[in-house]
Amino acid sequence: MDEVKNQIAGRVRQNMKRGIAEQRVKALLAEVRGGASLESSAKKLDLRYAEPEPFAKPDFIPIVGSRNGFVGAAFELDAGQTSEVVSTRNGAYVLKVIERMPAEESLFDLEKAKLTSQLIGNKRNDLISAWFTDLRDRADITDSRHNFYTEF
């Protein structure tokens with residue numbers, strides 16, 4: 001009961017913190033929609049302002065994390081657009097896409113052979129693992145170690 005109580009209390013605290021962060025960021029968004037810049041509004045409201053390096057969908061973004069609503073919102077917006085409040089486990093954000101850089105297909109073509117080989121290797125390992133598991137499950141094993149060793 002105490003373990004569950006502590007877990008629930010932690011989740012409640014985290015949800016309360018997230019709610020407070022969302023309210024503060026909504027105030028920021030209202031100022032930005034009123035014509036203020038994101039950076040000046042963040043400084044005025046004592047919120048963190050940062051411009052991350054260019055990133056791709058699977059990349060880790062310092063402070064924000066990866067594979068979350070922030071990344072999803074960043075790739076749904078066009079250059080120059082400002083998001084609504086985006087809430088993640090790490091906090092609440094308003095983001096503005098400064099620039100959208102197209103994917104470089106020439107780099108993908110260079111990596112294509114490597115990716116193909118990696119995927120085939122993963123599939124091969126999965127099949128071998130499944131084959132061994134099936135073989136072990138169907139095997140009839142008799143333990144005869146006592147015929148060869150005295151400690152059994």
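Annotation: side chain of Met16 is in contact with side chain of Val12 (closest heavy-atom distance under 4.5 Å).
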* **Worked check of side-chain contact (heavy atoms from CB on, under 4.5 Å) between Leu45 and Glu31** => CA-CA 10 Å; Leu45 296 171; Glu31 284 202 15; 4.2 Å; yes

* **Check against side-chain contact (heavy atoms from CB on, under 4.5 Å), Val25 and Leu29** => CA-CA 6 Å; Val25 172; Leu29 182 60; 5.5 Å; no

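Look at Glu22 and Arg18 and you find no salt bridge, because none of the NZ, NE, NH1 or NH2 atoms lies under 4.0 Å from a carboxylate O. Arg33 and Glu84 are joined by a salt bridge, as a carboxylate oxygen and a charged side-chain nitrogen come within less than 4.0 angstrom of each other.
Taken to the nearest 0.5 Å, the NZ atom of Lys96 stands 8.0 Å off from the CD1 atom of Ile98. Separating the OG atom in Ser66 from the CD1 atom in Ile61 is a distance of 7.5 Å, to the nearest 0.5 Å. A distance of 9.5 Å separates CG in Leu47 from CG in Leu38, rounded to the nearest 0.5 Å. Expressed to the nearest 0.5 Å, how far CG of Leu28 lies from CG of Asp46 amounts to 12.0 Å. The distance from atom OG1 of Thr82 to atom CG of Leu77, rounded to the nearest 0.5 Å, is 8.0 Å. Put simply, CD on Glu53 and CD on Glu51 are 9.5 Å apart, with the number rounded to the nearest 0.5 Å.
Taken together through direct or relayed side-chain contacts under 4.5 Å among Ile, Leu, Val, Met, Phe, Trp and Tyr, Val86 and Val64 form part of one hydrophobic cluster.
The minimum heavy-atom distance between Ser41 and Ala36, with the atom names listed, is OG-CB, 3.3 Å. For the residue pair Thr88 and Gly69, the shortest heavy atom distance occurs at CG2-N, 4.1 Å. Heavy-atom minimum distance, Ala74 versus Val97: O-CG2, 3.6 Å.
A donor-acceptor pair under 3.5 Å is absent between the side-chain atoms of Ser117 and the main chain of Ala113, judged by distance alone. With Ser83 contributing its side chain and Leu95 its backbone, the two residues share a donor-acceptor pair below 3.5 Å. Ser40 places a side-chain N or O within donor-acceptor distance of the main-chain N or O of Ser37, the cut-off being under 3.5 Å. At distances below 3.5 Å, at least one donor-acceptor pair connects side-chain atoms of Asn68 with backbone N or O atoms of Val71. Not a single donor-acceptor pair under 3.5 Å links the side chain of Asp78 to the backbone N or O of Gly80.
Residue Arg67 places its CZ atom among 12 or fewer non-hydrogen atoms of other residues, nucleotides or ligands, all under 6.0 Å distant. For CG of Asp126, the number of neighbouring non-hydrogen atoms (other residues, nucleotides, ligands) closer than 6.0 Å is greater than 12.
Sorted by first and then second residue, the ring pair (Phe, Tyr, Trp, His ring centres under 6.0 Å) pairs with a member in residues 40-65 read Phe55-Phe75; sequence neighbours excluded.
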